[in-house]
Structure formats: C-alpha cells, structure tokens
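Presented below is the structure to which this report refers.
Numbers here are sequence positions counted from 1. Atoms within a ligand are numbered from 1 in the order they appear, just like the ligands themselves.
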Amino acid sequence: MSTQTILKAIASRRTIYALKPELPTGVALSDVQSIVQAIIKDTPTSFNSQVNRAIILTGDAHKKVWGQVVDGIEGDAGKKRPQSAKDEAYGSIIFFTDDATTEGLQAKFPAWSSAFPDFANHSTGAAQISTWTTLATINVFGHLQHFNGYIKAALGDAVPKTWTVHAQLVFGSKAGEPGEKTYIDNEVKVISSL
Ligand SMILES: Cc1cc2nc3c(=O)[nH]c(=O)nc-3n(C[C@H](O)[C@H](O)[C@H](O)COP(=O)(O)O)c2cc1C
C-alpha cells in the first residue's frame, strides 16, 4: 500500500448528505460489517483497553431508530437531517465506548483517572474517521451525526447500558456531490531548536 493511496483515501472521504438507500453494485452489507469489525479491532485504545464498540443498523431497525429521533425532536428544521437519514440512507453505524472499560481503567490507574474519558473520546473519534474513510474506498459514502441521547433512548435494551453513544455514521450510495470545501492556511512547521 503506497503513501499516496492512503493520503488519497483520506482526502476522498467527504460529507455526503445526498444518499440513496442502497449499497453500490458489488458491495454487500457483510463488506461493511467486515470493515467496521476490523477498524474496531485495530484502532488503538489507551492501555490497549479496547474500549470501542459499534453496531450497524439497517432495514427496519435503522428506520425505527431514526423515526424515533425525528419524533423526539421539536420543530421541522431540526427533523430534516434525521428524516433524511431514515429515508435516504441504507444504514447507520453507531459508535460507542464502554463505560465499564473506562471505569476499570480508572480503578486500576488512579493517577490517570481524569484522562480516561478523554482517551475514550479520542479513540472513538479515530474509529469513526477510519471507518468513514475506508468505506469511501468501496464507494460507500455518508455523513456523521450526533443525535446521541435520542439514539441511546431508541436502542433501549438492544445494547448494554454501559455503552455511551458518541456518533452515527449514516451511509448509503452517493446521490449527489459534496459541498465546496475551503481550507485555511495551516502550515505544519518543523521546529528543531527553540
Ligand atoms: C468530530 C466531527 C463532528 C461532526 N459533527 C457533525 C454533525 O453533528 N452533523 C453533521 O452534519 N456533520 C458533522 N460533521 C461533519 C463536518 O461538518 C464535516 O466533516 C466538515 O464540514 C468537513 O467536510 P467534509 O467532511 O466534506 O470533509 C462532523 C465532523 C467531525 C469530524
């Protein structure tokens, strides 16, 4: 695998809101599952605690969960994005961290106690963006959402109570192009003496 291939994949991941509720030709749900599984396995975690969890919602479960988000939000403007997730996406990947794991680390390494929730946040973020990037390489596109409390409530007993919801990667086939993206001047300098 070349460096250019990796950098191209990173640049190719974009927020795509215009989705069709299908997978691209030649891609199966099991391909998506394998990618998410590999990323949850290989994303680093503090002290190798393996705090990351994920599930994939599709079919009726996806529609039911997003329907509950729509119903829970007041005002039409706020309903727009979850309604589109429900109607236009094939599925959604829900990212969690397991609070039981974080609390275990806090008990074992009290000097670092206050850092472990941040470390869990960092690690789920890494898993989210790796997943988003890798799915784009098989033409599965999407957008990242944070209806965390609504999603947790809608999932009920389907996931352990100790799992905290961090994000939803809503995915499907691309039905439109991403918006224009502008960049700030943001040079990474090398400092070799101060
Ligand atoms: C940590 C993080 C949180 C984000 N939260 C949301 C969100 O809640 N809703 C949303 O529509 N987009 C969300 N986005 C998408 C960003 O707005 C988007 O990545 C950014 O504008 C750059 O565009 P690009 O993804 O096309 O490169 C989030 C992105 C990141 C990295």
(request) Measure up the F147 and W66 rings against each other and bin them: parallel (under 30°), tilted (30 to 60°), perpendicular (over 60°). (result) perpendicular
(request) Grab the two heavy atoms, one from T124 and one from F96, that are nearest each other, plus how far apart they are. (result) OG1-O, 4.4 Å
(request) Could you list which atoms of ligand 1 come closer than 4.0 Å to a heavy atom of R13? (result) 24 (P), 25 (O), 27 (O)
(request) Please check if the distance between the ring centroids of F119 and F47 is under 6.0 Å. (result) no
(request) Please identify which atoms of ligand 1 are closer than 4.0 Å to at least one heavy atom of W132. (result) 19 (O), 25 (O)
(request) Note the single closest protein heavy atom to atom 31 (C) of ligand 1, along with its residue, its atom name and the distance in Å. (result) I129 CD1, 4.2 Å
(request) Report the nearest protein non-hydrogen atom to atom 19 (O) of ligand 1: residue, atom name, distance rounded to 0.1 Å. (result) T15 OG1, 3.4 Å
(request) Show which atoms of ligand 1 fall inside a sub-4.0 Å distance from at least one heavy-atom site of K181. (result) 22 (C), 24 (P), 27 (O)
(message) Heavy-atom distances under 4.0 Å decide this one: backbone, side chain, both or neither, for F141 against ligand 1?
(response) neither
(message) Quick one, W163 with L155, criterion side chain to side chain contact (heavy atoms under 4.5 Å, CB included). Give me CA distance, side-chain angles, the key distance, then yes/no.
(response) CA-CA 11 Å; W163 291 15; L155 287 172; over 6 Å; no
(request) Give the numbers and elements of all ligand 1 atoms closer than 4.0 Å to a heavy atom of Y17. (result) 10 (C), 11 (O), 12 (N)
(request) Please assess Q50 against N48 for the test side-chain hydrogen bond (donor to acceptor under 3.5 Å, both in side chains), listing each intermediate value before the final yes or no. (result) CA-CA 5 Å; Q50 295 166 58; N48 194 28; 3.1 Å; yes
(message) Could you check whether R14 makes a cation-pi contact with F141, meaning its NZ or CZ is under 6.0 Å from the centre of the six-membered ring and within 45° of the ring axis?
(response) no
(request) Within a distance under 4.0 Å of any heavy atom of R14, pick out the atoms of ligand 1 and give their elements. (result) 24 (P), 25 (O), 26 (O), 27 (O)
(message) Nearest 0.5 angstrom please: H62 NE2 to Q168 CD, how far?
(response) 11.0 Å
(request) Do me a favour and list the nearest non-hydrogen protein atom to atom 2 (C) of ligand 1 with residue, atom name and distance? (result) L144 CD2, 4.0 Å
(message) Does the residue Q145 have a heavy-atom contact with ligand 1, meaning some pair of atoms that are separated by less than 4.0 Å?
(response) yes
(request) Taking all heavy atoms of A89 and all of L19, pick out the closest pair and write down the distance. (result) CB-CD1, 4.2 Å
(message) Under 4.0 Å from atom 13 (C) of ligand 1, can you find at least one protein heavy atom?
(response) yes
(request) May I ask whether atom 21 (O) of ligand 1 is less than 4.0 Å from at least one protein heavy atom? (result) no
(request) Indicate, with yes or no, if Y90 and W132 share a hydrophobic cluster defined by side-chain heavy-atom contacts under 4.5 Å among Ile, Leu, Val, Met, Phe, Trp and Tyr. (result) yes
(request) Say whether H146, considering both its backbone and side-chain N or O atoms, lies within less than 3.5 Å of an N or O atom on ligand 1. (result) yes
